[in-house]
Structures are given as structure tokens and as C-alpha cells.
Novice: 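Got a structure for you, written out below as C-alpha cells; questions coming shortly.
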There are 2 protein chains.
Amino acid sequence: MTTNEDSGIQLRQDELLAALRALSNPHRLSILQWLRDPVMHFEEQKVDATRYGVCVSSIRKRCEVSQSTASQFMATLSDAGLVQTTRIGQWTYFARNEDAIARFRSSVASDL
Amino acid sequence: MTTNEDSGIQLRQDELLAALRALSNPHRLSILQWLRDPVMHFEEQKVDATRYGVCVSSIRKRCEVSQSTASQFMATLSDAGLVQTTRIGQWTYFARNEDAIARFRSSVASDL
DNA sequence: TCGTAAAATTGCGATATTACGATATTGCGG
DNA sequence: CCGCAATATCGTAATATCGCAATTTTACGA
């Protein structure tokens, strides 16, 4: 019987590396920062951005990149666990995963 | 009684990005971590590793990469400001730049 | 079951990174 | 000055990443 404890206070080395890689791109770094205050940094939208985050279209416009690029950016941040996804109808909303970001901070603070 | 004047200072966005990019490689991330305890993680050498850090040859052996690759890794970490360099004779010693790392931590804590 | 809209996926060219061997540079000692 | 050792830099090939257009998938509404 193995105890799988992946909701700990810090990240594993491979998770830490994945987070660092995800944030090593200027667009993706800015997106995560903008998501701290989505109402300020993105256009208005149907659902509450503070609760659900923002959709790909909003990110596309703010970054001035193509739809596929914006989608790929969010997939990378999602794979690294830094954002959480909520699908509502045709829209996919991305919000910060504050727990994961806190673990990332904790890892940077103690494992680096 | 000393006051750490750097504890509240953060990196500019481009400096933060450079640090994240420098750490987005498994070798470079490990090197910076190993340098927390150079005596434990690297072979013995002439000068005090705790004071001056370790030379390229030690890093080369520990990482099992070529001399040029090890040298390039350290140049990248140095360009990002995460390590400081001390040239003694034919050797270049690399040690953690704790002030810069503290600023990186501070940036991750408050700008991310 | 259409048509439409949003997002995800695929495939591609351009660019960047990685890691190497070869070579140049730096610094010591004889 | 010469030879040697350590490191830095250069040129390279392989691989990875970036960002796009085109296409596919998913979901809604008429």
C-alpha cells in the first residue's frame, strides 16, 4: 500500500521543473500575472472572471496572438498545474490554481 | 547585527524571466540546488567550496556532460545573476548569489 | 439535424536550445 | 618563452519550442 501524497506543501522536482518551464515564456508569465486581477486585465465577459477566470478569446486579444497559440499557452500552464479549467458551454475558462502556485512558491523558497 | 537590505527588493520583469529561463533546465536547476551544499554534492577541491563555490571541472563530473556544456550552463546561470564567479588562478569558481536568489524568491512571492 | 461559435488539435516553417568537438584564451610553473 | 591545465568561445548537428493557418472536436440553438 503506497501513500500518494501529491497535495503536499511542495512540488516534486519534476513538477517544479514543469512549472519553471511553463513560466519561462514572456506571454505565459504575463498571463498568470494578469489572472491575479482578470477584471482589470481582460475584457468583460459573460461569467464572473474572478470566480471562473477568462476564456481563450480574451487571452488571445490581450496577448495579440492567434487562437491556437493562446489555446496552447493555456494548455501548457494547465499541464504544469498552474491554472484550473472550467468548461461552461462552448467556453473554457482559465483561473489561477492558487494552491499549486502556493506550492510552487514554497518549493522556490525551500528547495531552491 | 546585520540587516538584509535585499529581502524586500524584487527583480524587474525581464530579470525575473531570465531567472525562470535559466532554471527551466534540469541540469541548471540541479546545479543551483547542489550548490547549497557544495562539499556534499561535489568532489573535494583546493579552495573552500563553501566560500568560493566549485569549479567547472567539478560540475562537469557531477552532471556528466562535456567541459564546454558545463561552462555554458554556468554562463547562463551567471548571466541570470543567480551565481557569482571567482577566478583563482586557472580555475573559475561558481557560488550561489544568495542576494539574487532572495530577490528571485521575493519576486515569485509577490509578482507571480 | 443543420449552421455557427469556441476551443483543441494537427502540421508546418522559423527560430532557439542543447550538447558536443575543436579551437582560442587565460594563467601558472619551469 | 614554452608547455600544460582549466576555462571560454566557436562552429555544428540534433532536438525542442514558438507561433501560425488549417482542420477537427465540442457545444449550443434554430
Novice: What are the residues of residues 46-84 of chain A, sorted by number, that bring a heavy atom to within less than 4.0 Å of DNA chain C?
Specialist: A:Cys55, A:Val56, A:Ser57, A:Gln67, A:Ser68, A:Ser71
Novice: Give, ordered by number, those residues of residues 13-31 of chain B having at least one heavy-atom distance below 4.0 Å to an atom of DNA chain C; if nothing qualifies, reply none.
Specialist: B:Arg21, B:Asn25, B:His27, B:Arg28
Novice: How far apart are the closest heavy atoms of A:Ser24 and B:Leu17, and which atoms are they?
Specialist: C-CD1, 3.8 Å
Novice: What range of DNA chain C does chain A touch, first nucleotide to last, counting atoms under 4.0 Å from its heavy atoms?
Specialist: C:dA5 to C:dT9
Novice: Let me have the donor-acceptor pairs involving side chains of residues 70-77 of chain A, under 3.5 Å, with sequence neighbours excluded, atom names and distances please.
Specialist:
{"unit_1": "A:Thr76", "atom_1": "OG1", "unit_2": "A:Gln72", "atom_2": "O", "d": "3.1"}

Novice: Which letter, B, S or -, goes with each nucleotide of nucleotides 25-30 of chain D from 5' to 3', with contact meaning a protein heavy atom under 4.0 Å?
Specialist: --SS--
Novice: Not counting sequence neighbours, list each pair that qualifies as a side chain to side chain donor-acceptor pair (under 3.5 Å) and has a residue in residues 51-68 of chain B.
Specialist: B:Glu43-B:Lys61, B:Ser66-B:Ser68, B:Ser66-B:Thr69
Novice: Testing the basics here: between B:Leu35 and B:Phe94, what is the closest heavy-atom pair and its distance to 0.1 Å?
Specialist: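 Residues B:Leu35 and B:Phe94, closest heavy atoms: CD2-O, 3.7 Å.
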Novice: Please give me the minimum heavy-atom distance between A:Leu82 and A:Ala22, naming the atom from each residue.
Specialist: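 Reported closest heavy-atom pair: CD1-CB, 4.2 Å.
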Novice: Which atom names give the shortest non-hydrogen contact between B:Leu112 and A:Arg96, and what distance separates them?
Specialist: O-NH2, 3.2 Å
Novice: Using side chain to side chain contact (heavy atoms under 4.5 Å, CB included), reason through B:Trp34 and B:Ile59 one step at a time and then give a plain yes or no.
Specialist: CA-CA 10 Å; B:Trp34 291 333; B:Ile59 291 158; over 6 Å; no
Novice: Ignoring hydrogens and angles, tell me if any N or O in the side chain of A:Asn97 forms a donor-acceptor pair with the backbone of A:Gln84 under 3.5 Å.
Specialist: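 Not a single qualifying donor-acceptor pair exists.
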Novice: Do B:Val39 and B:Thr50 have side chains that get closer than 4.5 Å, going by heavy atoms?
Specialist: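 Heavy-atom side-chain distance check passes, below 4.5 Å.
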Novice: Tell me: OH of B:Tyr93 to P of D:dA8, nearest whole Å?
Specialist: 12 Å
Novice: So which atom in A:Gln90 and which in A:Arg87 form the shortest heavy-atom distance, rounded to 0.1 Å?
Specialist: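 Scanning both residues, the minimum pair turns out to be O-NH2, 3.6 Å.
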Novice: Locate the shortest heavy-atom distance separating B:Ile9 from B:Arg103; write the atom from each residue and the value.
Specialist: O-CG, 3.2 Å
Novice: Have A:Gln33 and B:Asp111 got a donor and an acceptor in their side chains that come within less than 3.5 Å?
Specialist: no
